Undergrad: 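Mind looking over this structure? Questions follow.
This one's a predicted model, so the numbers in the text were calculated from it and none came from an experiment.
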Amino acid sequence: MQSRVDGAGHTVVEVAAPDIASRIQPGQFVSLPAPPGIGPPARWMFSPLGVRRPHGAEPALRLVAQRSANGALSRLKPGDPLDAIGPLGSPVALAQDVSSVVVLGLGHGAATAVFLTETLRARGIACTPRLFTTGPAAPTTDTPWRLGDGTTEPLAQHRIHDAGDWPGLVRRTLDDAGADHAVVTGPLALLHAAADVCRQAAVGCTVLLEPFMACGIGLCLTCAVPLAATDTTGPRHVGGCTDGPAFPAEAVDWERLLAGSGVRT
(Lines give C-alpha, C1' and ligand atoms only; values in the text may rest on other atoms or scores of the structure.)
Protein backbone atom coordinates (compact mmCIF):
# COMPACT_ATOMS: atom_id res chain seq x y z
CA MET A 1 0.00 0.00 0.00
CA GLN A 2 1.33 3.43 -0.98
CA SER A 3 -0.70 5.85 1.11
CA ARG A 4 -3.64 6.16 3.47
CA VAL A 5 -5.93 9.05 4.35
CA ASP A 6 -8.37 8.82 7.27
CA GLY A 7 -11.45 11.00 7.30
CA ALA A 8 -14.12 11.23 9.97
CA GLY A 9 -16.05 8.31 8.51
CA HIS A 10 -13.93 6.79 5.74
CA THR A 11 -10.47 5.50 5.00
CA VAL A 12 -9.02 5.95 1.51
CA VAL A 13 -5.93 4.02 0.46
CA GLU A 14 -3.85 3.98 -2.69
CA VAL A 15 -2.49 0.60 -3.70
CA ALA A 16 0.53 0.08 -5.95
CA ALA A 17 -1.10 -2.50 -8.20
CA PRO A 18 -0.32 -1.22 -11.71
CA ASP A 19 -1.52 -4.36 -13.50
CA ILE A 20 -4.95 -4.14 -11.85
CA ALA A 21 -5.14 -0.35 -12.02
CA SER A 22 -4.33 -0.25 -15.73
CA ARG A 23 -7.09 -2.74 -16.61
CA ILE A 24 -9.93 -2.23 -14.14
CA GLN A 25 -13.10 -0.50 -15.34
CA PRO A 26 -16.15 0.87 -13.51
CA GLY A 27 -18.40 -1.95 -12.36
CA GLN A 28 -15.51 -4.33 -11.76
CA PHE A 29 -14.08 -5.02 -8.33
CA VAL A 30 -11.10 -6.44 -6.45
CA SER A 31 -10.86 -9.10 -3.77
CA LEU A 32 -8.94 -8.35 -0.58
CA PRO A 33 -8.15 -10.62 2.37
CA ALA A 34 -10.42 -10.19 5.37
CA PRO A 35 -8.69 -8.91 8.52
CA PRO A 36 -7.21 -11.67 10.72
CA GLY A 37 -9.85 -13.34 12.84
CA ILE A 38 -12.74 -11.94 10.76
CA GLY A 39 -14.82 -14.15 8.50
CA PRO A 40 -15.98 -16.20 6.77
CA PRO A 41 -15.75 -15.26 3.99
CA ALA A 42 -11.98 -15.14 3.92
CA ARG A 43 -11.94 -12.40 1.30
CA TRP A 44 -13.95 -9.20 0.89
CA MET A 45 -14.91 -7.49 -2.37
CA PHE A 46 -14.27 -3.81 -3.03
CA SER A 47 -15.39 -1.60 -5.89
CA PRO A 48 -12.64 0.97 -6.54
CA LEU A 49 -13.07 4.66 -5.93
CA GLY A 50 -10.89 5.32 -8.95
CA VAL A 51 -7.46 5.06 -10.48
CA ARG A 52 -4.78 7.70 -9.98
CA ARG A 53 -2.54 8.16 -13.01
CA PRO A 54 0.35 10.42 -12.00
CA HIS A 55 2.42 11.78 -14.88
CA GLY A 56 5.42 9.59 -15.52
CA ALA A 57 4.47 7.01 -12.88
CA GLU A 58 2.51 3.78 -12.81
CA PRO A 59 -1.22 3.98 -12.05
CA ALA A 60 -2.41 3.32 -8.51
CA LEU A 61 -5.71 1.84 -7.37
CA ARG A 62 -7.81 3.97 -5.00
CA LEU A 63 -10.05 2.13 -2.51
CA VAL A 64 -12.40 3.44 0.14
CA ALA A 65 -14.14 1.89 3.14
CA GLN A 66 -15.99 3.08 6.20
CA ARG A 67 -13.71 3.49 9.18
CA SER A 68 -14.00 0.54 11.54
CA ALA A 69 -11.77 -1.25 14.00
CA ASN A 70 -12.35 -4.46 12.05
CA GLY A 71 -12.33 -2.92 8.57
CA ALA A 72 -10.29 -4.45 5.78
CA LEU A 73 -8.43 -1.16 5.27
CA SER A 74 -8.31 0.11 8.84
CA ARG A 75 -5.22 -1.83 9.91
CA LEU A 76 -3.14 -1.08 6.83
CA LYS A 77 -0.10 1.19 6.99
CA PRO A 78 1.91 2.65 4.09
CA GLY A 79 4.37 0.01 2.93
CA ASP A 80 2.22 -2.96 4.01
CA PRO A 81 1.74 -5.63 1.32
CA LEU A 82 -1.84 -6.16 0.15
CA ASP A 83 -2.89 -9.36 -1.60
CA ALA A 84 -5.35 -7.87 -4.10
CA ILE A 85 -6.94 -10.02 -6.81
CA GLY A 86 -8.54 -8.37 -9.83
CA PRO A 87 -9.98 -7.01 -11.91
CA LEU A 88 -13.00 -9.24 -11.24
CA GLY A 89 -16.48 -9.12 -12.72
CA SER A 90 -17.78 -7.45 -15.86
CA PRO A 91 -17.74 -3.67 -16.34
CA VAL A 92 -20.61 -1.30 -17.03
CA ALA A 93 -21.35 -1.49 -20.77
CA LEU A 94 -23.42 1.22 -22.46
CA ALA A 95 -24.90 1.29 -25.94
CA GLN A 96 -22.96 3.40 -28.44
CA ASP A 97 -25.84 5.86 -28.87
CA VAL A 98 -25.91 6.83 -25.18
CA SER A 99 -24.87 10.48 -24.94
CA SER A 100 -25.83 11.43 -21.39
CA VAL A 101 -25.86 9.40 -18.18
CA VAL A 102 -27.00 9.98 -14.63
CA VAL A 103 -25.25 7.86 -12.00
CA LEU A 104 -27.16 7.32 -8.77
CA GLY A 105 -25.03 5.95 -5.95
CA LEU A 106 -26.38 5.26 -2.47
CA GLY A 107 -24.12 4.54 0.50
CA HIS A 108 -20.93 2.73 -0.43
CA GLY A 109 -22.26 2.58 -4.00
CA ALA A 110 -20.91 6.13 -4.23
CA ALA A 111 -17.44 4.68 -4.92
CA THR A 112 -18.55 3.14 -8.20
CA ALA A 113 -20.49 6.30 -9.05
CA VAL A 114 -17.34 8.42 -8.67
CA PHE A 115 -15.20 6.04 -10.77
CA LEU A 116 -17.85 5.76 -13.50
CA THR A 117 -18.39 9.54 -13.65
CA GLU A 118 -14.69 10.17 -14.15
CA THR A 119 -14.41 7.44 -16.80
CA LEU A 120 -17.45 8.51 -18.83
CA ARG A 121 -16.44 12.17 -18.82
CA ALA A 122 -13.00 11.19 -20.09
CA ARG A 123 -14.78 9.46 -23.00
CA GLY A 124 -16.74 12.61 -23.82
CA ILE A 125 -20.05 11.36 -22.40
CA ALA A 126 -22.03 13.82 -20.32
CA CYS A 127 -22.36 12.31 -16.84
CA THR A 128 -24.22 13.66 -13.83
CA PRO A 129 -23.40 12.00 -10.48
CA ARG A 130 -26.01 11.93 -7.73
CA LEU A 131 -24.73 10.59 -4.42
CA PHE A 132 -27.00 9.85 -1.49
CA THR A 133 -26.80 8.52 2.06
CA THR A 134 -29.40 7.46 4.61
CA GLY A 135 -27.14 8.66 7.43
CA PRO A 136 -25.54 12.03 8.13
CA ALA A 137 -23.74 13.41 5.09
CA ALA A 138 -20.02 13.94 5.60
CA PRO A 139 -18.78 17.55 5.59
CA THR A 140 -17.46 18.52 2.17
CA THR A 141 -14.03 19.02 3.72
CA ASP A 142 -13.98 15.43 4.93
CA THR A 143 -15.49 13.40 2.09
CA PRO A 144 -13.79 10.78 -0.09
CA TRP A 145 -16.17 11.40 -3.00
CA ARG A 146 -13.77 13.27 -5.27
CA LEU A 147 -12.77 12.65 -8.87
CA GLY A 148 -9.24 11.91 -10.07
CA ASP A 149 -6.49 11.86 -7.48
CA GLY A 150 -8.76 13.09 -4.70
CA THR A 151 -7.63 16.74 -4.79
CA THR A 152 -10.57 18.06 -6.82
CA GLU A 153 -13.73 19.66 -5.47
CA PRO A 154 -15.85 17.05 -3.67
CA LEU A 155 -19.08 15.69 -5.08
CA ALA A 156 -22.01 16.51 -2.84
CA GLN A 157 -23.61 13.59 -1.00
CA HIS A 158 -27.23 14.27 -0.06
CA ARG A 159 -29.01 12.79 2.93
CA ILE A 160 -32.30 10.99 2.25
CA HIS A 161 -34.95 11.81 4.81
CA ASP A 162 -37.66 9.61 3.27
CA ALA A 163 -35.67 6.38 2.97
CA GLY A 164 -37.91 3.76 1.44
CA ASP A 165 -39.50 6.03 -1.17
CA TRP A 166 -37.08 4.70 -3.73
CA PRO A 167 -39.38 5.33 -6.74
CA GLY A 168 -39.70 8.97 -5.73
CA LEU A 169 -35.93 9.32 -5.37
CA VAL A 170 -35.34 7.83 -8.82
CA ARG A 171 -38.03 10.00 -10.47
CA ARG A 172 -36.59 13.19 -8.98
CA THR A 173 -33.09 12.19 -10.02
CA LEU A 174 -34.18 11.49 -13.60
CA ASP A 175 -36.15 14.75 -13.79
CA ASP A 176 -33.21 16.79 -12.51
CA ALA A 177 -30.58 15.17 -14.73
CA GLY A 178 -32.51 14.80 -17.99
CA ALA A 179 -30.20 11.96 -19.08
CA ASP A 180 -31.05 9.20 -21.57
CA HIS A 181 -29.51 6.43 -19.43
CA ALA A 182 -29.27 5.74 -15.70
CA VAL A 183 -26.71 3.66 -13.84
CA VAL A 184 -27.79 2.82 -10.30
CA THR A 185 -25.82 1.25 -7.47
CA GLY A 186 -27.09 0.63 -3.96
CA PRO A 187 -29.49 -1.67 -2.07
CA LEU A 188 -31.71 -4.10 -3.94
CA ALA A 189 -34.95 -2.24 -3.24
CA LEU A 190 -33.50 0.90 -4.85
CA LEU A 191 -32.34 -1.04 -7.91
CA HIS A 192 -35.76 -2.62 -8.38
CA ALA A 193 -37.42 0.79 -8.13
CA ALA A 194 -34.96 2.22 -10.65
CA ALA A 195 -35.68 -0.58 -13.11
CA ASP A 196 -39.42 0.06 -12.87
CA VAL A 197 -39.26 3.87 -13.03
CA CYS A 198 -36.78 3.90 -15.92
CA ARG A 199 -38.93 1.43 -17.87
CA GLN A 200 -41.96 3.66 -17.45
CA ALA A 201 -39.95 6.73 -18.46
CA ALA A 202 -38.35 4.97 -21.48
CA VAL A 203 -34.90 5.64 -20.03
CA GLY A 204 -32.22 2.99 -20.31
CA CYS A 205 -31.09 1.55 -16.99
CA THR A 206 -28.08 -0.41 -15.78
CA VAL A 207 -28.07 -1.78 -12.22
CA LEU A 208 -25.10 -2.94 -10.21
CA LEU A 209 -26.27 -5.84 -8.09
CA GLU A 210 -24.43 -6.60 -4.89
CA PRO A 211 -25.34 -10.14 -3.87
CA PHE A 212 -23.31 -11.80 -1.15
CA MET A 213 -20.03 -13.00 -2.65
CA ALA A 214 -17.83 -15.54 -0.94
CA CYS A 215 -15.21 -16.14 -3.64
CA GLY A 216 -15.66 -13.48 -6.33
CA ILE A 217 -14.54 -15.83 -9.14
CA GLY A 218 -17.65 -17.91 -9.88
CA LEU A 219 -16.88 -21.06 -7.90
CA CYS A 220 -19.13 -20.88 -4.84
CA LEU A 221 -22.42 -19.96 -6.58
CA THR A 222 -23.59 -17.88 -3.61
CA CYS A 223 -24.16 -14.82 -5.81
CA ALA A 224 -26.33 -16.40 -8.53
CA VAL A 225 -28.57 -13.85 -10.27
CA PRO A 226 -31.80 -14.96 -12.00
CA LEU A 227 -32.25 -13.61 -15.50
CA ALA A 228 -35.56 -13.23 -17.30
CA ALA A 229 -36.47 -15.41 -20.26
CA THR A 230 -35.73 -14.02 -23.72
CA ASP A 231 -36.79 -14.96 -27.26
CA THR A 232 -33.85 -17.37 -27.46
CA THR A 233 -33.30 -18.55 -23.88
CA GLY A 234 -35.46 -19.58 -20.96
CA PRO A 235 -35.08 -18.35 -17.39
CA ARG A 236 -31.56 -18.99 -16.11
CA HIS A 237 -29.07 -18.06 -13.43
CA VAL A 238 -25.68 -16.44 -13.95
CA GLY A 239 -22.89 -15.50 -11.57
CA GLY A 240 -23.22 -12.06 -10.05
CA CYS A 241 -19.44 -11.95 -9.72
CA THR A 242 -18.59 -13.12 -13.24
CA ASP A 243 -21.42 -11.99 -15.51
CA GLY A 244 -22.09 -9.00 -13.25
CA PRO A 245 -22.28 -7.08 -11.08
CA ALA A 246 -23.50 -4.73 -13.85
CA PHE A 247 -26.68 -5.89 -15.60
CA PRO A 248 -29.19 -4.24 -17.93
CA ALA A 249 -32.21 -3.72 -15.67
CA GLU A 250 -34.56 -5.39 -18.14
CA ALA A 251 -32.46 -8.57 -18.15
CA VAL A 252 -33.03 -9.32 -14.46
CA ASP A 253 -35.89 -11.53 -13.29
CA TRP A 254 -36.88 -9.21 -10.46
CA GLU A 255 -39.68 -11.40 -9.12
CA ARG A 256 -37.37 -14.34 -8.53
CA LEU A 257 -34.50 -12.17 -7.31
CA LEU A 258 -36.65 -10.36 -4.75
CA ALA A 259 -38.32 -13.59 -3.61
CA GLY A 260 -34.93 -15.17 -2.96
CA SER A 261 -33.58 -12.14 -1.12
CA GLY A 262 -36.52 -11.50 1.20
CA VAL A 263 -36.52 -7.80 0.23
CA ARG A 264 -39.92 -6.12 0.15
CA THR A 265 -40.58 -3.26 -2.25
Undergrad: Could you tell me the separation between the NE2 atom of H181 and the CG atom of L120, rounded to the nearest 0.5 Å?
TA: 9.5 Å
Undergrad: With heavy-atom distances below 4.5 Å as the criterion, would you say the side chains of L174 and L104 are in contact?
TA: no
Undergrad: Side chains of F29 and T112, heavy atoms from C-beta outward: is any pair under 4.5 Å?
TA: no
Undergrad: Roughly how far, to the nearest 0.5 Å, is CD1 of I24 from OG of S47?
TA: 8.0 Å
Undergrad: Taking the side chain as every heavy atom from C-beta outward, state whether F46 and L61 have any pair of such atoms under 4.5 Å apart.
TA: no
Undergrad: Heavy-atom distance under 4.5 Å between the side chains of Q25 and T119, does that happen here?
TA: no
Undergrad: Could you work out, with salt bridge (Lys or Arg N to Asp or Glu O under 4.0 Å) as the rule, every residue matching R23, not counting sequence neighbours?
TA: D19
Undergrad: Quick one: pull up CG in L131 and OG1 in T117 and give me the separation to the nearest 0.5 Å.
TA: 7.0 Å
Undergrad: Do you know which two heavy atoms are closest between T206 and A246, and how far apart they sit?
TA: CG2-CB, 4.2 Å
Undergrad: Main chain of P91, side chain of Q28: is a donor-acceptor contact present, judged purely on distance under 3.5 Å?
TA: no
Undergrad: Would you say that V30 contacts P48 through its side chain, given a criterion of any heavy-atom pair below 4.5 Å between the two side chains?
TA: no
Undergrad: With distance as the sole test, does S100 use its side chain to make a donor-acceptor pair with the main-chain N or O of D180 at under 3.5 Å?
TA: yes
Undergrad: Who pairs with D176 by salt bridge (Lys or Arg N to Asp or Glu O under 4.0 Å), at least two apart in sequence or on another chain?
TA: none
Undergrad: Compare all side-chain heavy atoms of V184 with those of W166 and state whether any distance is below 4.5 angstrom.
TA: no
Undergrad: Measure from the side-chain N and O atoms of R43 to the backbone N and O of S31, and report whether any donor-acceptor pair falls under 3.5 Å.
TA: yes
Undergrad: Between CG of L209 and SG of C241, what distance do you get to the nearest 0.5 Å?
TA: 12.0 Å
Undergrad: Is the shortest heavy-atom distance from the side chain of D243 to the side chain of L227 under 4.5 Å?
TA: no
Undergrad: Quick one: does any side-chain atom of R199 pair with a main-chain N or O of E250 as donor and acceptor, under 3.5 Å?
TA: no
Undergrad: Looking at CG of L221 and SG of C223, how far apart are the two atoms once the value is rounded to the nearest 0.5 Å?
TA: 8.0 Å
Undergrad: Would you check if the side chain of W254 reaches a backbone N or O of A249 as a donor-acceptor pair within less than 3.5 Å?
TA: yes
Undergrad: Is the shortest heavy-atom distance from the side chain of L76 to the side chain of T11 under 4.5 Å?
TA: no
Undergrad: For S90 and T242, indicate whether the former's side chain and the latter's backbone hold a donor-acceptor pair under 3.5 Å.
TA: yes
